[in-house]
Amino acid sequence: MLTVDMENKENGSLDVKNSVENGRPLDPADWAVTDVVNYFRTAGFEEQANAFQEQEIDGKSLLLMTRNDVLTGLSLKLGPALKIYEYHVKPLQTQHLKNNSL
């Protein structure tokens with residue numbers, strides 16, 4: 001579960017703090033290449049995580065990836081590539097959009 005630390009400022013606006021979970025920022029847009037690689041290693045994609053390292057995919061790049069990018073651009077086997085996109089990349093993109101449209 002992701003949590004975001006927010007504080008009410010004197011002017012009534014919210015101050016969103018950069019929270020960290022598992023050693024990486026909560027917002028994937030702030031992830032470095034090593035954060036992306038560690039995310040996929042932790043998710044059980046040890047072998048496939050190396051492709052993100054080789055292609056220098058950081059958080060901002062990850063959030064811009066299309067299904068086609070994951071399936072063909074990373075030279076991954078089809079099965080793991082589909083799981084990575086559907087169960088990880090797409091949900092991270094959706095969560096990022098929700099958090100930044102408040």
Would you mind reporting whether [Y] and [X] have side-chain heavy atoms less than 4.5 Å apart?
{"X": "Val89", "Y": "Arg67", "result": "no"}
{"X": "Phe45", "Y": "His88", "result": "yes"}
{"X": "Asp69", "Y": "Leu74", "result": "no"}
{"X": "Leu92", "Y": "Tyr39", "result": "yes"}
{"X": "Leu63", "Y": "Leu97", "result": "no"}

On a heavy-atom basis, which atom in [X] and which in [Y] lie closest, and how many Å separate them?
{"X": "Val36", "Y": "Phe52", "result": "CG1-CD2, 3.9 Å"}
{"X": "Glu46", "Y": "Arg41", "result": "OE2-NE, 3.2 Å"}
{"X": "Asp35", "Y": "Pro25", "result": "OD2-CD, 3.8 Å"}

Checklist entry - Regarding Gln95 and Asn99, is there a side-chain donor-to-acceptor distance under 3.5 Å anywhere? => result yes
Approximate separation, where rounding is to 0.5 Å, of [X] [atom1] and [Y] [atom2]:
{"X": "Trp31", "Y": "Leu26", "atom1": "CH2", "atom2": "CG", "answer": "9.0 Å"}
{"X": "Gln48", "Y": "Phe40", "atom1": "CD", "atom2": "CZ", "answer": "10.0 Å"}
{"X": "His96", "Y": "Asp30", "atom1": "NE2", "atom2": "CG", "answer": "8.5 Å"}
{"X": "Lys60", "Y": "Met65", "atom1": "NZ", "atom2": "CE", "answer": "16.0 Å"}

Checklist entry - For Glu86, does the CD atom have more than 12 heavy-atom neighbours from other residues, nucleotides or ligands under 6.0 Å away? => result yes
Item to check | side-chain contact (heavy atoms from CB on, under 4.5 Å) between Leu76 and Ile84, worked out | outcome: CA-CA 10 Å; Leu76 301 175; Ile84 285 170; 3.9 Å; yes
Checklist entry - Should Leu71 and Leu62 be regarded as members of a common hydrophobic cluster, given that ILVMFWY residues are connected when their side-chain heavy atoms come within less than 4.5 Å of each other, either directly or indirectly? => result no
Item to check | For Asp58, side-chain hydrogen bond (donor to acceptor under 3.5 Å, both in side chains) partners two or more places apart | outcome: Ser61
